[in-house]
2 protein chains.
Amino acid sequence: MEIQNAAGTLSALAHAGRLEIFRLLVQAGPQGMAAGDVARATGILANTLSTNLNILAAAGLVTSRREGRSIIYSAGYDAMRELLTFLMEDCCAGRAEICPPLAAISRDGGEGRAC
Amino acid sequence: MEIQNAAGTLSALAHAGRLEIFRLLVQAGPQGMAAGDVARATGILANTLSTNLNILAAAGLVTSRREGRSIIYSAGYDAMRELLTFLMEDCCAGRAEICPPLAAISRDGGEGRAC
DNA sequence: ATGACGATTCTATAATTCGGGAAATATAGA
DNA sequence: TCTATATTTCCCGAATTATAGAATCGTCAT
């Protein structure tokens, strides 16, 4: 992954509204959620939501499919995995044993029970 | 971690220059690097670098200590771990078997078990 | 004390991003 | 077709962020 690409992906997530949307979709899982449901769940205005969903989609962080009148959005796990990998690449000069982030995540999944 | 906090941390990383700086420090490991060495390694202007190091420091992504005339910066692994944990919280609706992001990270991290 | 060096802060300008009103587009049902 | 619903696109003022020149601060050596 290129650094510009990674910065763009991070930029897409670096916004409280978009981060809320993204996490909602991550939690919704692969089946996704209709844009309108996201709007209702978050209280975000329809046009603002649409703009932000597009920004997330451009970064590959969400994907969409139409279902009747609704457009269903779901989290783009591949882009997420690439981003996390990029951030931790060559971490701690390749010595994983001194790498607190990876150790903590691997050990207990974090305080929120990530998995 | 609060969502505003996480968005702020992501925002600090969502900039090609700062991301380059951060990764350089991640790779340098806990011993860190002097600001001047970072400037030389990246070609970033001293004042711009200083501003961006301050932004990263405000997010907890780097820490600093003075050593003679130099100021040594190192990656803030705790903030990084918290951010990664937050991003993956409740990932994939609790179904680890469909959680590529964490599996990939755990694999690269060596002995950590997948999810 | 003076000069050199490493780094930061101040300041101004340029560029980007945000939010939401209004209008447009797409689909489904009557 | 007409109408209602779902979503997107266009636009623009306001707010934020980025960059770099100049000045300043802190430390070390002479």
Side-chain angles (χ1 to χ4, degrees), chain A residues 3-25 28 31-76, chain B residues 3-25 28 31-76:
Chain A
I3 198 162
Q4 289 288 353
N5 198 344
T9 305
L10 286 163
S11 186
L13 285 174
H15 178 281
R18 287 195 294 269
L19 190 50
E20 186 182 1
I21 295 165
F22 176 73
R23 276 164 50 85
L24 193 60
L25 292 176
Q31 82 229 39
M33 273 177 87
D37 291 336
V38 175
R40 250 164 266 123
T42 60
I44 298 172
L45 223 61
N47 56 355
T48 300
L49 174 65
S50 179
T51 297
N52 284 327
L53 279 170
N54 265 331
I55 290 173
L56 289 169
L61 288 166
V62 304
T63 58
S64 62
R65 67 193 134 93
R66 180 176 280 277
E67 244 174 53
R69 270 180 289 204
S70 295
I71 296 191
I72 312 293
Y73 283 89
S74 27
Chain B
I3 196 162
Q4 289 289 353
N5 198 345
T9 305
L10 285 164
S11 187
L13 285 174
H15 177 281
R18 287 194 295 269
L19 189 50
E20 186 182 1
I21 295 165
F22 176 74
R23 274 163 51 84
L24 194 60
L25 292 175
Q31 82 229 36
M33 272 177 87
D37 290 337
V38 176
R40 249 164 266 123
T42 60
I44 298 171
L45 224 61
N47 56 356
T48 300
L49 174 65
S50 181
T51 297
N52 284 327
L53 280 170
N54 265 332
I55 290 172
L56 288 170
L61 288 166
V62 305
T63 58
S64 63
R65 69 195 133 93
R66 179 176 281 276
E67 243 174 53
R69 272 180 287 205
S70 297
I71 296 190
I72 312 292
Y73 284 89
S74 28

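Per chain, numbering begins at 1; letters A, B, ... match sequence-line order.
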Using a 4.0 Å cut-off to any heavy atom of chain B, which nucleotides of DNA chain D are the first and last in contact, reading 5' to 3'?
dA18(D) to dC28(D)

Quick one: label [X] by what it contacts on the DNA or RNA (base, sugar-phosphate, nothing), any heavy atom closer than 4.0 Å.
X	answer
Ala35(A)	sugar-phosphate
Ala34(A)	sugar-phosphate
Ser50(A)	base

List the atom pairs, donor and acceptor, that lie under 3.5 Å between side-chain atoms in residues 66-75 of chain B and the rest of the protein, sequence neighbours left out.
from     : atom 1 : to       : atom 2 : distance (Å)
Arg66(B) : NH1    : Gly68(B) : O      : 3.1
Glu67(B) : OE2    : Arg65(B) : NH1    : 2.6

Any N/O pairs under 3.5 Å between the protein and nucleotides 24-30 of chain C? List them or say none.
none

Of all the heavy-atom pairs spanning Ala35(B) and Leu49(B), show the shortest one and how long it is.
O-CD2, 3.1 Å

Met33(A) and Leu24(A): which non-hydrogen atoms are nearest, and at how many Å?
SD-CG, 3.8 Å

Could you list the protein-to-nucleotides 14-20 of chain C atom pairs, N/O on both sides, closer than 3.5 Å?
from    : atom 1 : to       : atom 2 : distance (Å)
dC18(C) : OP1    : Arg18(A) : NH2    : 3.3
dG19(C) : OP2    : His15(A) : NE2    : 2.9

Which value, rounded to the nearest 0.5 Å, describes the distance between Asn54(B) atom CG and Ser64(B) atom OG?
8.0 Å

What is the distance, to the nearest angstrom, from the CG atom on Leu53(B) to the P atom on dG6(C)?
16 Å

How large an angle, rounded to 10°, do the end axes of the helix from dA1(C)-dT30(D) to dA30(C)-dT1(D) enclose when each is built from five base pairs?
20°

For a quick test of your reading: what N or O donor-acceptor pairs under 3.5 Å do the side chains of residues 9-19 of chain B make, sequence neighbours left out?
from     : atom 1 : to       : atom 2 : distance (Å)
Thr9(B)  : OG1    : Asn5(B)  : O      : 3.0
His15(B) : ND1    : Gly17(B) : N      : 3.1
His15(B) : ND1    : Arg18(B) : N      : 3.1
Arg18(B) : NE     : Ala12(B) : O      : 2.6
Arg18(B) : NH1    : Asn52(B) : OD1    : 2.9
Arg18(B) : NH2    : Ser11(B) : O      : 3.3

Quick one, Ile44(A) and Val38(A) - any side-chain contact, counting heavy atoms below 4.5 Å?
no

